[in-house]
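The structure appears right after this line, and notes come after that.
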Amino acid sequence: MATDTASGRPLMPYPETYQKVLDADLIVRPLVPEDVPDVLDIERQGYSHPWSESVFLDCFKDNYRLWGACHGGKLTAYAVVAYMVDEAHLLNICVHPRARGEGVGRYLLRHVLATAAHEGMAQLLLEVRDSNHAAIALYQNEGFHEIGQRPGYYPSASGREDARVLMLALGQ
């Protein structure tokens, strides 16, 4: 796979899709508590076991970063990141079903990574469902590697599902 000469990261297999995102009126901005109803709408459409309103509201703290990707002024994706010492932990990222496959999630993820690096974080960790092949492919394409597993981490329709723990060193 080809890599970017500046960063050494793999190039996207579909750069034309990402270019559409760059050409669109997509902006990433910090979320505010008033965004929670729209976040919940995306969350409920994206996950079988969504976070509650109180969980989202509890994330508006100094050591958290909540980001929203907006297209045409409408929230289309969000990310929740916790900062602990020099480590960022991506707790939640979700793209509205109508915006999937358009590069919005990748764009938002790259914003999260760039901001965390700029704010002095040494690495970013995340958990991803073992069955979420699209997300795993995205993370691996962005340079993440698996550092472990969490058995039974996620609730599922059939009980519990394992999570893969992925990590990316920042600022390297």
Side-chain angles (χ1 to χ4, degrees), residues 17 21 26-85 87-116 121 123-168 170:
T17 301
V21 170
L26 186 74
I27 62 161
V28 176
R29 64 166 174 81
L31 293 175
V32 294
E34 292 76 22
D35 290 315
V36 170
D38 292 332
V39 167
L40 285 170
D41 179 53
I42 296 169
E43 175 84 359
R44 290 176 181 140
Q45 292 184 62
Y47 296 122
S48 60
H49 295 81
W51 283 11
S52 68
E53 179 179 14
S54 63
V55 169
F56 280 108
L57 290 172
D58 194 45
C59 293
F60 287 94
K61 297 177 181 173
D62 288 344
N63 64 320
Y64 282 73
R65 303 296 181 270
L66 289 83
W67 299 107
C70 299
H71 185 275
K74 181 150 178 64
L75 189 69
T76 58
Y78 63 86
V80 178
V81 186
Y83 284 14
M84 294 163 264
V85 188
E87 180 179 289
H89 191 157
L90 181 61
L91 301 174
N92 195 337
I93 187 167
C94 191
V95 176
H96 193 285
R98 286 192 306 265
R100 291 188 184 152
E102 298 177 2
V104 175
R106 184 178 306 273
Y107 189 84
L108 181 57
L109 177 63
R110 287 182 175 177
H111 177 84
V112 165
L113 293 168
T115 302
M121 299 295 109
Q123 63 186 6
L124 188 132
L125 294 172
L126 61 87
E127 290 87 13
V128 59
R129 283 182 185 271
D130 198 40
S131 64
N132 192 343
H133 303 293
I136 291 167
L138 168 66
Y139 297 135
Q140 289 175 338
N141 187 254
E142 290 299 312
F144 284 83
H145 65 277
E146 187 170 329
I147 60 168
Q149 294 195 350
R150 298 192 195 278
Y153 186 75
Y154 288 107
S156 71
S158 60
R160 307 292 299 178
E161 182 176 354
D162 294 350
R164 294 183 184 191
V165 182
L166 306 180
M167 190 272 290
L168 178 67
L170 302 173

Give, for atom [atom1] of [X] and atom [atom2] of [Y], the distance between the pair rounded to the nearest 0.5 Å.
X	Y	atom1	atom2	answer
Leu91	Cys59	CG	SG	6.5 Å
Ser48	Arg129	OG	CZ	4.5 Å
Leu26	His111	CG	NE2	10.5 Å
Thr115	Arg110	OG1	CZ	14.0 Å
Thr76	His96	OG1	NE2	9.0 Å
Leu168	Leu90	CG	CG	11.0 Å

Indicate the atoms forming the closest heavy-atom contact of [X] with [Y], along with that distance.
X	Y	answer
Val95	Gly105	CG2-CA, 3.6 Å
Glu127	Ala163	CB-CB, 4.1 Å
Cys94	Arg100	SG-NH2, 4.0 Å
Ala116	Tyr83	CA-OH, 3.2 Å
Val36	Glu53	CG1-CG, 3.8 Å
Ala77	Ile42	N-CD1, 4.0 Å

Check: Donor-acceptor pair, Glu43 side chain versus Trp51 backbone, under 3.5 Å?
Finding: yes
Sub-4.5 Å side-chain heavy-atom contact between [X] and [Y]:
X	Y	value
Asn141	Arg106	yes
Leu57	Pro33	yes
Leu125	Glu87	yes
Val28	Val112	no

Check: side-chain contact (heavy atoms from CB on, under 4.5 Å) between Tyr78 and Leu66: does it pass, once the steps are laid out?
Finding: CA-CA 7 Å; Tyr78 63 86; Leu66 289 83; over 6 Å; no
Note to self: Among Asn132, Val128, Leu126, Ile147, exactly one meets side-chain contact (heavy atoms from CB on, under 4.5 Å) together with Arg164. Which residue is that?
What the structure shows: Val128
Next item on the list: Please report the C-alpha distance between Val104 and His71 in whole Å, then the side-chain angles of each, then the deciding distance to 0.1 Å, and finally whether the side-chain contact (heavy atoms from CB on, under 4.5 Å) criterion is met.
Entry: CA-CA 9 Å; Val104 175; His71 185 275; over 6 Å; no
Next item on the list: Please report the C-alpha distance between Val80 and Phe56 in whole Å, then the side-chain angles of each, then the deciding distance to 0.1 Å, and finally whether the side-chain contact (heavy atoms from CB on, under 4.5 Å) criterion is met.
Entry: CA-CA 9 Å; Val80 178; Phe56 280 108; 4.1 Å; yes
Item checked: Over 12 non-hydrogen atoms of neighbours within 6.0 angstrom of CZ in Arg98 -> no
Check: Run the side-chain contact (heavy atoms from CB on, under 4.5 Å) check on Leu124 and Phe144 step by step: do they pass?
Finding: CA-CA 9 Å; Leu124 188 132; Phe144 284 83; 3.6 Å; yes
